[in-house]
Amino acid sequence: MSIFGRSTYSSAGYAAFRPSYPSVLYDRVLRFHGNEAPSFPSPPSSSPAAGTLLDLGCGHGLVARALAPYFSRVIALDPSAGMIEQARKLSGDNSKITFKQGGAEDLSFLADNAVDCVVSGQAAHWFDYSKVWPALARVVKRGGTLAFWGYKDHIIVGRPETTPIFDKFIYGETEPVPGVESLMRYWEQPGRNILRDSLQEVVPPEAEWEHVVRIAWDPNHVTGDISDAPDEATWLRRRLKLGELEGYVRTFSAFSGWRSAHPEMKCRADGGDGDIIDLMFDEIVAAVPEWKAAGDRWAEIEVDAIWGTILLMAKRR
């Protein structure tokens, strides 16, 4: 079972600290689906909601809620019972959305040609495509669309000195601090590497899918320069506090695995002497004199973070 599906993983923390998706991303997905501008976030009155949306790996229901106004029915799946519980809680009494615990590989509960659009936000790297592609070929109707997207490996814009610190704690092959192992061996594979490689392994079968569009971009992790970044790919950029960025890093599945393996290292917020994330942010704050000078107020400092992104879209033949 994926770490996200374990009872020890905090679905509430995921919902609180994971970034939301901007209107420009949804607008592009809906344009591809309908061949016209849908004016996200409000569908024009002349274009009533129609069709069925299938959201795979829905997590806490973020995408399902955002796209529900554009479809008459939304079916959202996630293998984690905790995520489904969180999604239902956050979605209230939205009668359009049906949340169901289940994986992308088993769509046997759906009729043939039942789906107009299938989406997946930050989950497509987990799927078993030997089962997913045949399942989607059966349930997605001719002319229907697919949109899978994800993000990875953020940087703090204008602060390239912090990037090597993130990298050594998150992906380092050696101990970032003597006696403390990195998160590296706790990433679930091959999923993480598939995401870091911009879903290159996720290839819609030509016999069933056409008009494939793939837009991928990664920030320069050496210089931190994003001046040449294409607008269509820089859809995940956030102004946030360093404390919020710390909260985001704590939602990593690898950190959840690391914490289970090292219960003796408790975070300072829980009264401990510090865990790997505390140690990481000690070094990050120390690397920037202005942040270090802020002392205990470092968590309130605002930074500009940007993520590498991938958007894959295709139409059903």
Side-chain angles (χ1 to χ4, degrees), residues 1-6 9 11 14-15 17-21 25-26 28-29 54-64 76-80 82-84 87 101-107 117-137 140 145-155 166-167 170-171 183-205 209 212-219 221 233-236 248-258 306-314:
M1 176 186 289
S2 167
I3 283 178
F4 292 113
R6 297 177 186 174
Y9 186 84
S11 299
Y14 187 99
F17 290 106
R18 282 293 173 118
S20 58
Y21 302 118
L25 173 64
Y26 291 128
R28 185 170 184 86
V29 169
L54 175 63
D55 182 6
L56 301 177
C58 68
H60 58 294
L62 179 68
V63 175
L77 300 182
D78 198 279
S80 166
M83 287 291 187
I84 291 297
Q101 185 180 359
E105 295 79 9
D106 182 7
L107 304 179
C117 179
V118 56
V119 298
S120 180
Q122 197 64 356
H125 52 294
W126 299 119
F127 301 161
D128 178 353
Y129 285 93
S130 68
K131 298 177 180 178
V132 167
W133 289 130
L136 292 180
V140 178
T145 58
L146 170 151
F148 290 170
W149 63 86
Y151 56 89
K152 68 308 185 36
D153 300 344
H154 69 278
I155 66 168
F166 281 116
D167 286 347
I170 295 171
Y171 296 117
L183 301 183
M184 179 61 183
R185 77 180 182 95
Y186 296 98
W187 288 109
E188 295 178 278
Q189 299 294 2
R192 186 63 187 180
N193 283 345
I194 291 172
L195 177 60
R196 295 192 80 197
D197 196 33
S198 298
L199 304 182
Q200 290 295 325
E201 292 187 25
V202 182
V203 181
W209 300 91
V212 177
V213 176
R214 187 184 295 270
I215 304 168
W217 175 79
D218 285 297
H221 281 239
T234 54
W235 45 261
L236 195 55
Y248 160 71
V249 174
R250 289 185 181 277
T251 69
F252 288 0
S253 61
F255 171 64
S256 183
W258 183 96
I306 194 166
W307 284 257
T309 61
I310 170 63
L311 172 60
L312 171 66
M313 299 183 291

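Side chain of D78 to backbone of G59: a donor-acceptor contact under 3.5 angstrom is found. Distance alone, capped at 3.5 Å, is enough to place a donor-acceptor pair between the Q101 side chain and the P79 backbone.
Put simply, CG on N193 and CD on E188 are 12.5 Å apart, with the number rounded to the nearest 0.5 Å. Within the model, atoms CH2 of W307 and OG1 of T234 stand 13.0 Å from one another, a figure rounded to the nearest 0.5 Å. Distance check: I310 CD1 to L236 CG gives 13.5 Å after rounding to the nearest 0.5 Å. The CD atom of E201 lies 4.5 Å from the CD1 atom of I194; values are rounded to the nearest 0.5 Å. The CG atom of L195 lies 5.0 Å from the CD atom of Q122; values are rounded to the nearest 0.5 Å. Rounded to the nearest 0.5 Å, atoms CD1 (I215) and OG1 (T309) are 8.5 Å apart.
A salt bridge between K152 and D218 is present, with a side-chain N of the basic residue lying under 4.0 Å from a carboxylate O of the acidic one.
Taking the six-membered ring where the residue is Trp, Y248 and Y151 present tilted rings, their angle falling between 30° and 60°. Classification of the W133-F148 ring pair by plane angle, with boundaries at 30° and 60°, yields parallel.
When every heavy atom of L107 is checked against every heavy atom of A135, the shortest pair comes out as CD1-CB, 3.9 Å. Taking each heavy atom of A314 and V212 in turn, the nearest pair found is CB-CG2, 4.0 Å. Here the closest non-hydrogen pair linking L25 and W149 is CD2-NE1, 3.6 Å. Contact between L56 and A104 at its shortest, heavy atoms only, is CD1-CB, 3.9 Å. When all heavy atoms are compared, the tightest approach of L199 to R214 is O-NH1, 2.8 Å. Across all their heavy atoms, A123 and S120 have their closest contact at CB-OG, 3.4 Å.
Annotation: H154 is in aromatic contact with F166 [ring centroid separation under 6.0 Å]. Aromatic rings of W187 and F252 (six-membered ring for Trp) have centroids within the 6.0 Å cut-off, being under it.
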Go through the steps for F255 and V249 under the test side chain to side chain contact (heavy atoms under 4.5 Å, CB included), then give the verdict. CA-CA 8 Å; F255 171 64; V249 174; 5.9 Å; no

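For the pair L146 and L136, the minimum side-chain heavy-atom distance is below 4.5 Å. Here the side chains of I155 and H221 are in contact, with some heavy-atom distance below 4.5 Å. Contact annotation: the side chain of P219 approaches that of W217 to within less than 4.5 Å [non-hydrogen atoms, C-beta and beyond]. Considering only heavy atoms from C-beta on, V29 comes within 4.5 Å of L311 through its side chain.
Applying the side chain to side chain donor-acceptor pair (under 3.5 Å) criterion to R192, with sequence neighbours excluded, gives D153, Y171.
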